[in-house]
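Read through the structure below, which is laid out as structure tokens, and then see the notes.
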Amino acid sequence: MLVLTRKLGESIRIGDDIILKVVELDSRHVKIGIEAPKNIAVNREEIYERIQKENKAASESKEQNIKNIADALRKNKKR
Amino acid sequence: MADFFSELVYSKEDIITFPHGIPGFEKNKEFVLVQIPDFVPFEWLVCVDGSKLRFAIINPLLFRPDYSPNISKEQLEELQIEKPEDVLFYVIVTIAENPLKSTANLVGPVIINKTKKIGKQIIIDDDRYTIREPIIKGD
């Protein structure tokens, strides 16, 4: 991994059109400003990973189980 | 139980393209929406690239009528939405060991432009919602 040292207010440019800027610093946090083209999704890594994991779990849902919960939902509605 | 999807009939015009796939399945880009009476109110997002990938999905408003995540214009730009009627809005369902405790992912809604046939799972930055929101409340 490339590691660069930056001071508060300084930036890093990635390719032609992505800029990361250090906008705030304290002993435990760093706030980063991001400029990127609109078609580039910017997400916190841990959230992206959780969504990936959840999608994998969701893809393993069995049809029979979905049917069971569908039946339960329809019953709920009738009540 | 019969495989409902093995003989799925659809036409080319039904295919919805997810230009980036969805997180965890970035290479799977072509899906169709399937409604089967047995599964109502759930629908299926079925990948048609030969993989057996499929997701049970549901309109979140059916169990969370107040669901209104903050979605930015930029996140939607790619979907080329021109009018509200273009939009289909779903969340993906994960079945728990006890199906009645199953959850839906309210942090990653799936938005589809049904006119242009483009889809995307958006990741929202909104503390009010969780990845595992119970579909049936209580108990």
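Throughout, protein chains are lettered first and strands after them, A, B, ... in sequence-line order, and every chain is numbered starting at 1. Model, not experiment: these values are computed from the prediction.
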Please determine whether a side-chain nitrogen of the Lys or Arg among [X] and [Y] lies less than 4.0 Å from a carboxylate oxygen of the Asp or Glu.
{"X": "A/Asp26", "Y": "A/Arg28", "result": "no"}
{"X": "B/Glu13", "Y": "B/Lys117", "result": "no"}
{"X": "A/Glu10", "Y": "A/Lys21", "result": "no"}

Chain A contact via [X] - which portion, at a heavy-atom distance below 4.5 Å:
{"X": "B/Phe63", "value": "neither"}
{"X": "B/Ile92", "value": "side chain"}
{"X": "B/Glu26", "value": "side chain"}
{"X": "B/Ile131", "value": "both"}

Item to check | Largest heavy-atom contact set with chain A, pairs under 4.5 Å, which of B/Asp125, B/Thr103, B/Ile58 | outcome: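 If we count pairs closer than 4.5 Å to chain A, B/Asp125 comes out on top.
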Checklist entry - If you look at every heavy atom in B/Tyr90 and B/Gln35, which pair is closest and at what distance? => result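 Minimum heavy-atom separation between B/Tyr90 and B/Gln35: OH-NE2, 4.4 Å.
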Next on the checklist: If you take the centroid of each ring, where Trp contributes its six-membered ring, are B/Trp44 and B/Phe55 closer together than 6.0 Å?
Outcome noted: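 Not under 6.0 Å, so no.
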Checklist entry - A/Asn55 versus chain B, heavy atoms under 4.5 Å apart: side chain, backbone, both or neither? => result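 For A/Asn55, heavy atoms of backbone and side chain both lie under 4.5 Å from chain B.
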Item to check | Choice from A/Asn43, A/Ile66, A/Asn65, A/Ile47 maximising heavy atom contacts with chain B below 4.5 Å | outcome: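 Heavy-atom pair counts peak at A/Ile66.
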Checklist entry - B/His20 and B/Gln121: side-chain donor and acceptor closer than 3.5 Å? => result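 No, because no side-chain N or O of B/His20 sits under 3.5 Å from a partner of the opposite role on B/Gln121.
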